[in-house]
Number of protein chains: 2
Amino acid sequence: MPTIARELADLAALIADPGRALILSRLMDGRAQTAGELALVAGVTPQTASWHLGRLVQHALLKVERRGPRRLYRLATPLVAQILEGMMTVAVTGPLGSRPPARIDAAMRRARTCYDHLAGELGVALADALRERDYLVLDQEVGELTEVGTAFLGSFGLDLRPSARHRRVLCRPCLDWSERRPHLAGRAGAALAELAFQRDWIRRRPQGRSVEITDTGLDAFRSLFGVRI
Amino acid sequence: MPTIARELADLAALIADPGRALILSRLMDGRAQTAGELALVAGVTPQTASWHLGRLVQHALLKVERRGPRRLYRLATPLVAQILEGMMTVAVTGPLGSRPPARIDAAMRRARTCYDHLAGELGVALADALRERDYLVLDQEVGELTEVGTAFLGSFGLDLRPSARHRRVLCRPCLDWSERRPHLAGRAGAALAELAFQRDWIRRRPQGRSVEITDTGLDAFRSLFGVRI
DNA sequence: GCAACGTTTCGATCAGGATCGAAACGTTCA
DNA sequence: TGAACGTTTCGATCCTGATCGAAACGTTGC
């Protein structure tokens with residue numbers, strides 16, 4: 001009877017080291033980083049980081065790709081990001097009565113990417129706004145884009161019509177760990193985030209996965225989507 | 001920037017101990033167990049188990065309830081079960097090339113409960129059968145009961161009409177870690193599992209969360225649902 | 001109130017793994 | 001080919017946390 005519990009414990013042990021958790025958290029935007037950069041993120045020497053990265057690759061949480069003399073590490077699959085995000089939600093719910101928002105980084109709470117879509121106050125406010133206009137139906141477990149919603153997003157050039165070609169689901173809720181309410185994920189969430197980057201409404205910060213909302217972005221989110229933020 | 005990663009690491013450390021993982025795994029059927037029973041499950045002395053249980057309660061993974069001289073422990077919320085289930089999926093995907101099914105307990109793989117619904121070969125086959133008859137649409141991220149499906153399940157006395165009263169979602173996919181394909185969760189999955197217990201199609205085994213499929217159960221699943229198992 | 005039982009607290013011990021210095025490896029570029 | 005750089009391997013050290021014996025605690029039932 002033990003085996004699956006053992007696998008669970010082994011996986012958890014892999015995430016349980018503060019340095020490795022920092023590395024995983026850093027890679028949750030889906031981008032790749034070199035071993036040296038990740039050593040800085042984890043706050044350890046390169047040789048220690050190498051040991052950690054080796055373990056993460058060996059257990060298939062990360063995959064590595066050689067780019068010249070350096071090695072680029074990234075999350076092995078989107079599923080890994082999704083599980084880590086879920087764990088963060090549980091982690092923050094934490095000790096009863098909760099002490100959560102206080103200890104959370106302000107920039108991360110404001111706006112960040114969650115693998116390929118938007119999260120944080122911005123992500124949740126965007127989902128709320130779309131819902132208020134009846135573009136979207138979304139609760140903690142399921143989500144659906146309405147016809148007017150599809151048309152509305154289509155007016156920005158996003159093709160979100162259901163299609164057999166795409167294996168990926170159109171619209172899915174993703175529980176936001178900092179806001180504790182769902183934001184928009186799936187193909188629709190990813191397309192919206194991509195649009196925001198392209199129009200310079202948001203910009204990636206040099207490190208970390210928090211993003212900066214530009215002035216034009218703030219205007220756009222408010223006037224075009226009715227976001228209250 | 002570090003804080004959320006730190007929370008993640010702390011949570012993972014909590015699950016990373018083999019004994020605690022066994023305890024959590026044991027409680028994933030949603031039922032409560034006494035401290036003494038859980039000590040046996042974890043394979044440690046009562047005082048060690050007490051130390052583990054204390055940590056799990058302190059970090060809000062478990063909640064405890066006093067029943068006379070003994071204390072009953074159970075998972076704090078369904079979200080905890082959901083996350084653990086997700087972690088198991090990632091854990092089993094594990095090392096490239098995979099060595100998964102071999103090390104997994106046969107009874108668990110055959111049929112088990114996943115908090116409140118059915119999982120394992122039985123759970124996945126049931127979802128497949130419902131899908132083949134166009135009662136259900138289900139992929140890895142979203143699920144929906146069709147009108148004929150709602151009517152079909154209604155003929156067993158299950159009231160699965162959408163309702164504002166129920167906060168809980170009707171139908172949701174849950175990735176099965178042993179089969180690596182989605183099975184049916186949400187209100188519909190829970191109702192179906194309850195039906196199966198009531199009609200004695202399946203029985204809980206004394207310990208663990210695997211279930212036994214009775215002879216009448218096997219007949220019922222095959223003839224009534226078209227399950228190939 | 002006392003005895004019995006399940007459970008927790010305390011204290012000491014022990015082990016696994018994270019860490020870094022030193023050195024080797026492998027790739028790129030001159 | 002040799003030098004420079006990023007990265008990994010090796011070896012030794014150190015520290016956190018899991019473990020159990022012993023004892024205390026709290027509840028129930030007589």
Side-chain angles (χ1 to χ4, degrees), chain A residues 2 5-27 31-59 61-74 91 95 207, chain B residues 2 5-27 31-59 61-74 91 95 207:
Chain A
R6 184 73 218 197
E7 303 281 342
L8 175 65
D10 288 346
L11 171 65
L14 217 57
I15 307 172
D17 178 80
R20 287 195 293 261
L22 280 163
I23 289 173
L24 289 168
S25 176
R26 177 66 185 82
L27 293 175
R31 289 185 292 179
Q33 297 289 332
T34 65
E37 288 169 320
L38 291 173
L40 290 178
V41 168
V44 294
T45 59
Q47 50 291 23
T48 301
S50 175
W51 143 259
H52 287 313
L53 291 168
R55 287 180 64 89
L56 290 170
V57 169
Q58 191 186 355
H59 287 78
L61 288 191
L62 300 186
K63 58 185 176 188
V64 60
E65 154 193 357
R66 317 181 70 122
R67 182 75 60 92
R70 50 192 93 203
R71 302 196 182 182
L72 293 176
Y73 290 87
R74 72 175 72 234
Q207 67 254 6
Chain B
R6 183 74 218 196
E7 303 281 342
L8 174 65
D10 288 346
L11 171 66
L14 218 58
I15 307 172
D17 178 81
R20 285 195 294 260
L22 280 164
I23 289 173
L24 289 168
S25 176
R26 177 67 185 81
L27 294 174
R31 289 184 293 178
Q33 297 290 331
T34 65
E37 287 169 321
L38 292 173
L40 289 178
V41 168
V44 295
T45 59
Q47 54 284 29
T48 302
S50 175
W51 143 259
H52 288 312
L53 291 168
R55 287 180 64 88
L56 290 170
V57 169
Q58 191 185 356
H59 287 78
L61 288 190
L62 300 187
K63 58 185 175 187
V64 60
E65 154 193 358
R66 318 181 68 121
R67 181 75 61 92
R70 49 194 94 205
R71 301 197 183 183
L72 292 177
Y73 291 87
R74 69 175 73 235
Q207 67 254 6

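Throughout, a chain's letter reflects where its sequence line sits, starting with A, and its residues are numbered from 1. Heavy-atom basis, side chains included; hydrogens, waters and symmetry copies ignored. Every value quoted in this text rests on a predicted model; they were computed, and no experiment measured them.
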Please determine, for the side chain of B/T48, which listed nucleotide (C/dA18, D/dT19, D/dG6) has the closest atom? D/dT19
Which nucleotide sits closest to the side chain of A/T34: C/dA18, D/dT27, D/dT7? D/dT7
Choosing from C/dA18, D/dA18, C/dT7, which nucleotide comes nearest the side chain of A/R55? C/dA18
For A/L40 and D/dG6, give me the distance from atom CG to atom P, rounded to whole Å. 11 Å
Start at the 5' end of DNA chain C and walk down; is the nucleotide closest to A/G43 or to A/R67 reached first? A/G43
Could you check how far CG of B/L22 sits from P of D/dA18, rounded to whole Å? 14 Å
Among D/dT19, D/dT9, C/dT8, the one nearest any side-chain atom of B/H52 is D/dT19
Over how many whole Å does the gap from A/Q47 atom CD to C/dT19 atom C1' extend? 9 Å
Measure the CG-CZ distance between A/L62 and A/R71 for me, rounded to the nearest 0.5 Å. 13.5 Å
Under 4.0 Å between a side-chain N/O of B/R70 and OP1 or OP2 of C/dC5, yes or no? no
Just to be sure I understand the rule, does A/R20 reach a base, reach only the sugar-phosphate, or reach nothing, if contact means heavy atoms closer than 4.0 Å? sugar-phosphate
For A/P18 and for A/R71, locate the closest nucleotide of DNA chain C by heavy-atom distance; then report the residue assigned to the nucleotide nearer the 5' terminus. A/P18
Find the distance between CG (A/L22) and CG (A/D17) and round it off to the nearest 0.5 Å. 9.0 Å
Taking the side chain of A/R66 as heavy atoms from C-beta outward, which of D/dT19, C/dA22, C/dT27 is closest to it? C/dT27
Check ion pair A/K63-A/E65 (N to O, under 4.0 angstrom): no
Phosphate-side-chain proximity, B/Y73 and C/dG6, N/O vs OP1/OP2 below 4.0 Å: no
